[in-house]
Number of protein chains: 2
Amino acid sequence: MMENKSDTDRCDCIVIHQEIVDKVKENMPQEEKLYDLAELFKVFGDTTRIKILYALSSSDMCVCDIAVLLNMTQSAISHQLRVLKQAKLVKYRKEGKIVFYSLDDEHVKMIFDQGLLHISEK
Amino acid sequence: MMENKSDTDRCDCIVIHQEIVDKVKENMPQEEKLYDLAELFKVFGDTTRIKILYALSSSDMCVCDIAVLLNMTQSAISHQLRVLKQAKLVKYRKEGKIVFYSLDDEHVKMIFDQGLLHISEK
DNA sequence: TGTTCATATGAATAATTGTTCATATGTTAT
DNA sequence: ATAACATATGAACAATTATTCATATGAACA
């Protein structure tokens, strides 16, 4: 009869690799930080938002201009700008009834570039 | 009676900003490239995958070790490793029945660092 | 004051996705 | 051969999310 594996939640090789796993565990950032990191990248993980960010990296733009540029509804753009705003990736200034959005982060372009580098090499 | 806006799909301000929009449009990368970029970041946009990538940045590990480390099922880890493999972010080598995964990209850490930089400043 | 315009937002819907469960594949050891 | 083990995978389910539609807000202007 076999020893029940789920008693320990560990496979056999973990016993051998325990040291490595412990070392890796030590080097892992806090749970919360990794969660925030994933949340940030999730914001980049949508074509519409990527396009908006790319557009804003060229020039500040108002909501309606972005909608025209991307051939999408004003509402869809506005919803996505809210997500970008919450992630502190864009900021805005009001001029009367027009709201101009712009990038709020120097890292956006660098994150882009690293991503494009990966893509172009694979 | 008002002129129907949807005839042109353009708001009033776009007429004024047309030049800017045209310039931005010129500078936008190809549609496909932006799609791929979003797909790449989507892969980073999940806590489990971020943790796996972080773990592998410390040391190569087998599937079962990762499962123990993250306290998740082997199946869940395996599914996510497939996603990472497809994105060419990890590679693997087989040693008998054990499969060791490792990072397949120098950019992973740099993308991480930029992300963490953004988070820590906001 | 009433109308037009630019933007924001809540609700609904459709599509995507992460995990679990059960099972398949392929390797090692007895 | 058979059993044990490490990993992979398909189907199902629950949860998340992007867009649309209708409408609200608030500014400019006639």
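Order of the sequence lines fixes the chain letters, A, B, ..., with proteins taken first and strands second; residue numbering starts at 1 for each chain.
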Where does the angle between the aromatic ring planes of B/H118 and A/H107 fall among parallel (under 30°), tilted (30 to 60°) and perpendicular (over 60°)? perpendicular

Going by heavy atoms in the side chains, are A/Q80 and A/D46 under 4.5 Å from each other? yes

Where the side chain of A/S120 meets the backbone of A/L116, is there a donor-acceptor pair that is under 3.5 Å apart? yes

Whole-Å distance separating the CZ atom of A/R82 from the P atom of D/dT17: 12 Å

Can a side chain N or O of B/Y101 be found less than 4.0 Å away from OP1 or OP2 on D/dA8? yes

How close do A/I77 and A/M72 get, heavy atom to heavy atom, and via which atoms? CD1-CB, 4.1 Å

Are the side chains of A/V108 and A/F44 in contact, using a 4.5 Å heavy-atom criterion? yes

Fill in the dot-bracket string of DNA chain D, one character per base: . for unpaired, | for a pair to another strand, ( ) or [ ] for pairs within the strand, taking Watson-Crick or G-U pairs under 3.5 Å. ||||||||||||||||||||||||||||||

Which whole-number value in Å describes the distance from A/F100 CZ to C/dA8 C1'? 17 Å

Letter per nucleotide, 5' to 3', of nucleotides 18-23 of chain C [B base touched, S only sugar-phosphate touched, - untouched; heavy atoms, 4.0 Å]: SBBBB-

Length of the line joining A/L70:CG and D/dT20:P, which is rounded to integer Å: 12 Å

For A/Q86 and D/dA18, what is the distance between atoms CD and P respectively, to the nearest whole Å? 12 Å

Please check if the side chain of A/R49 supplies one atom and the backbone of A/L81 the other of a donor-acceptor pair under 3.5 Å. no

Check: A/Y54 ring centre within less than 6.0 Å of A/F112 ring centre: yes

Electrostatic pair B/R93-B/E95, nearest N-O below 4.0 angstrom: yes

Can you tell me the distance, in whole Å, between the NZ atom of A/K94 and the C1' atom of D/dG26? 7 Å

May I ask you to establish whether B/K42 and A/F41 are in a cation-pi arrangement, using a distance under 6.0 Å from NZ or CZ to the six-membered ring centre and at most 45° from the ring axis? no

Taking CG from B/D60 and P from D/dA6, how many angstroms apart are they, rounded to a whole number? 18 Å

Taken to the nearest whole Å, CZ/B/F41 to P/C/dT17 is 17 Å

Using whole Å, what does the distance between atom P of nucleotide D/dC5 and atom CD1 of B/I98 come to? 13 Å

